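In what follows, a single structure is set out as C-alpha cells and then discussed.
Residues: numbered from 1 along the sequence shown. The shown structure was predicted, so the numbers you read here are calculated from the model rather than taken from an experiment.
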Amino acid sequence: MKKYKSLLLVTSAALLGVVMSSCCFIPPKEEKLDLSKMTLVWEDDFSDEKLNEEDWWYFEGVASKGDNADTIVSEALNTITGPIHNNEIQNYKKSCVTVGDATDSDSVNGRTLKITAKSTNGINWDSGKIQTSNKVDMKYGYIEARLKMPVAYDKNGNEIANNGVWPAFWMMPTNSEYGIWPRSGEIDIMEYSPSTSGDKAYATLHHALSQTNATDVYPSLGSTIINDGEYHTYGVMWTSGTLEAFYDGESLGTVYANPGYDNWAQWPYDQEFYVIINLAMGGNLGGSINKDMRKAVYEIDYVRYYK
C-alpha cells in the first residue's frame, strides 16, 4: 500500500566515467541509521495488483543507464524511451516488469516488484526499467529500497551463476539544471555486477570535475559484500551538505561533503532527483553474461522516502 504525506521531485541521467575524485571535508559518519526524527512521506510496497502508474513510468526500448538528456516522455503510453548507452544489450519492455507474490516468505507483505530479464538464445535479452521522474521527485531526506539481487536460471529452470546481470537502484536529476550528464549529477544507491565486481555492491556518485571541465568524476560512497541471496536494504541519507550510503541500516563508511565555494559542478545535489530501478544485462559494467543463462529475476520488496 502507498502512503502519502508529501511529495517532492526526482530526475534522470547517467553513464560511467573514468576519473576518480577525492571527497572534500569529511564529517563524522553515522554508524547506525536513525530515522526517529524523520517522517515517511512516500512508499511503494507493491501490494497493488499491478505497478502504480501514478508514481512510476515504464521505460521501453533499447535505452539504458544514462539517457536523461535524450529521453522522450509519452503521456499517452505512460512510457519513457531513449537511445542506448554503456554497451548494454537488453531491450526494455513493459512486460518484463510485474507485481505479484514474492518468491519466498521474507518479503514485508508477501508481494514484490519483479524485473525479469529473459532470453531464448542467451544473446538477445529483454528486461525491465521503471522510474518516478515528474511523478515522485525528491530533494533531501533518506531514500531506501529493500532488494534481492537477481537469481539466474538456465533453460531448464535450474538456478545458476548470475554473471552478466547489472541491477541498479539509482537517482537522476529531474530537470538537469546544470546541463547534460554528468554536470547535473547522478546518485547510484546500489549497483551490482558480479562479472566485473564479484560479490560487492557499490554506492557511487557522478558529477563533473569542475564548472569548466565536464569530465566524469565518481567518488565512491562505499561497498559491501552480498552473496547470500537474501533481501537487504540499500539507502542514501541526503542533506544540503552531505551524501552517505547505508546497507541494512549501517553506514558504508564514506561521507561525500559539499565542497562549497559555489561549486555546483562538484555539488549538483541541490536539485530534485527521481528514482530509477532497472536490470541491465552485459555492457561496460555488467560484463560477460553466463552463456547458460536464460532468465534472471530481480525482486524489489519496497521503496521508501523519508524527510
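- Using a distance-only test at 3.5 Å, with no hydrogens or angles considered, a donor-acceptor pair links the side chain of S251 to the main chain of G253.
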Residue pair Y305, E43: steps toward the side-chain contact (heavy atoms from CB on, under 4.5 Å) verdict:
CA-CA 6 Å; Y305 175 37; E43 75 168 334; over 6 Å; no

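- Under the 4.5 Å side-chain heavy-atom criterion for Ile, Leu, Val, Met, Phe, Trp and Tyr, I89 and M293 are members of the same hydrophobic cluster.
- In the model, S107 has no side-chain atom that pairs as donor or acceptor with a side-chain atom of N109 under 3.5 Å.
- The side-chain heavy atoms of K295 and S119, taken from C-beta on, include no pair separated by under 4.5 Å.
- For Y247 and Y234, the ring centers sit closer than 6.0 Å to each other.
- Between M190 atom CE and T224 atom OG1 the span is 12.0 Å, to the nearest 0.5 Å.
- Of all non-hydrogen atoms in Q211 and N263, the two that sit nearest each other are NE2-CA, 3.5 Å.
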Could you check W181 against D216 for side-chain contact (heavy atoms from CB on, under 4.5 Å), going step by step and ending with a plain yes or no?
CA-CA 8 Å; W181 189 93; D216 174 25; 3.4 Å; yes

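- Annotation: side chain of L221 is not in contact with side chain of E244 (no heavy-atom distance under 4.5 Å).
- Using a 4.5 Å cut-off on side-chain heavy atoms (C-beta onward), Q271 and W264 make no contact.
- Rounding to the nearest 0.5 Å gives a distance of 11.5 Å between CG of L205 and CE of M171.
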Passes side-chain contact (heavy atoms from CB on, under 4.5 Å), D188 versus Y218? Steps please.
CA-CA 10 Å; D188 295 332; Y218 44 102; over 6 Å; no

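- One N or O on the side chain of R294 and one on the backbone of K291 form a donor-acceptor pair closer than 3.5 Å.
- Under the 6.0 Å distance and 45° angle rule, K118 does not count as a cation-pi partner of W125.
- Screening N162, L147, N278, L113 for a side chain to side chain contact (heavy atoms under 4.5 Å, CB included) involving Y298 leaves a single residue, L147.
- Follow the hydrophobic side-chain contacts under 4.5 Å out from Y58 and you reach F46 in the same cluster.
- Between the side chains of N87 and N284, at least one donor N or O sits under 3.5 Å from an acceptor N or O.
- Side-chain N or O atoms of S184 include one that pairs as donor or acceptor with a backbone N or O of Y178 at under 3.5 Å.
- Looking only at atom types and distance, the side chain of W42 has a donor-acceptor partner in the side chain of D55 under 3.5 Å away.
- Between W238 and Y140, the ring planes lie perpendicular to each other; the angle is over 60°, past the 30° to 60° tilted range.
- Cluster annotation: L33 is connected to Y306 through the hydrophobic network of ILVMFWY side chains, with a link wherever side-chain heavy atoms come within less than 4.5 Å.
- When all heavy atoms of T132 and W57 are compared, the pair lying nearest together is C-CD1, 4.3 Å.
- To the nearest 0.5 Å, atoms OG1 (T239) and CG (D270) are separated by 11.5 Å.
- Checking side-chain atoms of T112 against main-chain N and O of K114 turns up no donor-acceptor pair under 3.5 Å.
- Counting heavy atoms from C-beta on, the side chains of N91 and S127 never come closer than 4.5 Å.
- A distance of 11.5 Å separates OH of Y192 from OH of Y202, quoted to the nearest 0.5 Å.
- Remark: the backbone N or O of D48 is paired with a side-chain donor or acceptor of R111 at under 3.5 angstrom.
- Residues L243 and V236 are in side-chain contact: their nearest non-hydrogen atoms beyond the backbone lie under 4.5 Å apart.
- D228 contributes a side-chain N or O that, together with a main-chain N or O of E230, makes up a donor-acceptor pair within less than 3.5 Å.
- Between L279 and Y92, the closest side-chain pair of non-hydrogen atoms is not below 4.5 Å.
- With E60 contributing its side chain and K94 its backbone, the two residues share a donor-acceptor pair below 3.5 Å.
- Of the residues listed (D106, D44, D45), the one engaging R146 in a salt bridge (charged side-chain N to carboxylate O under 4.0 Å, His left out) is D106, and it is the only one.
- When atom types are taken as modelled, the side chain of S193 and the backbone of T196 share no donor-acceptor pair closer than 3.5 angstrom.
- Rounding to the nearest 0.5 Å places CD of E49 at 12.0 Å from OG1 of T98.
- Without hydrogens or angle criteria, D154 side chain to N158 main chain gives a donor-acceptor distance under 3.5 Å.
- Linking Ile, Leu, Val, Met, Phe, Trp and Tyr whenever their side-chain heavy atoms come within less than 4.5 Å leaves V97 and V151 in two separate clusters.
- Annotation for L252 and S223: closest pair CD2-O, 3.8 Å, computed over non-hydrogen atoms.
- Between K32 and E250 there is a salt bridge, with a side-chain nitrogen of the basic residue lying less than 4.0 Å from a carboxylate oxygen of the acidic one.
- At least one side-chain heavy atom of Y269 sits under 4.5 Å from a side-chain heavy atom of I187.
- Among all heavy-atom pairs drawn from S195 and S288, the shortest one is OG-O, 2.6 Å.
- Under the 3.5 Å distance criterion, the side-chain polar atoms of K307 are matched with a main-chain donor or acceptor of K139.
- For the residue pair W166/E88, the side-chain donor-acceptor check at 3.5 Å is not satisfied.
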Derivation of the side-chain contact (heavy atoms from CB on, under 4.5 Å) call for L35 and M237:
CA-CA 10 Å; L35 298 177; M237 187 67 75; 4.2 Å; yes

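- Counting all heavy atoms, side chain and backbone alike, H207 lies closest to P219 at CE1-CG, 3.7 Å.
- The shortest heavy-atom contact between W56 and I130 is CE3-CD1, 3.5 Å.
- Judged by distance alone, the side chains of E144 and Y302 do bring a donor and an acceptor atom under 3.5 Å apart.
- The CG atom of N124 sits 11.5 Å away from the CE atom of M281 when rounded to the nearest 0.5 Å.
- Taking hydrophobic clusters as Ile, Leu, Val, Met, Phe, Trp and Tyr residues chained together by side-chain heavy-atom distances below 4.5 Å, I277 shares a cluster with V99.
- Between W170 and E191, the side chains place no donor N or O within less than 3.5 Å of an acceptor N or O (distance only, hydrogens not considered).
- Under a 4.0 Å N-O distance rule, the pair D301/K148 does not qualify as a salt bridge.
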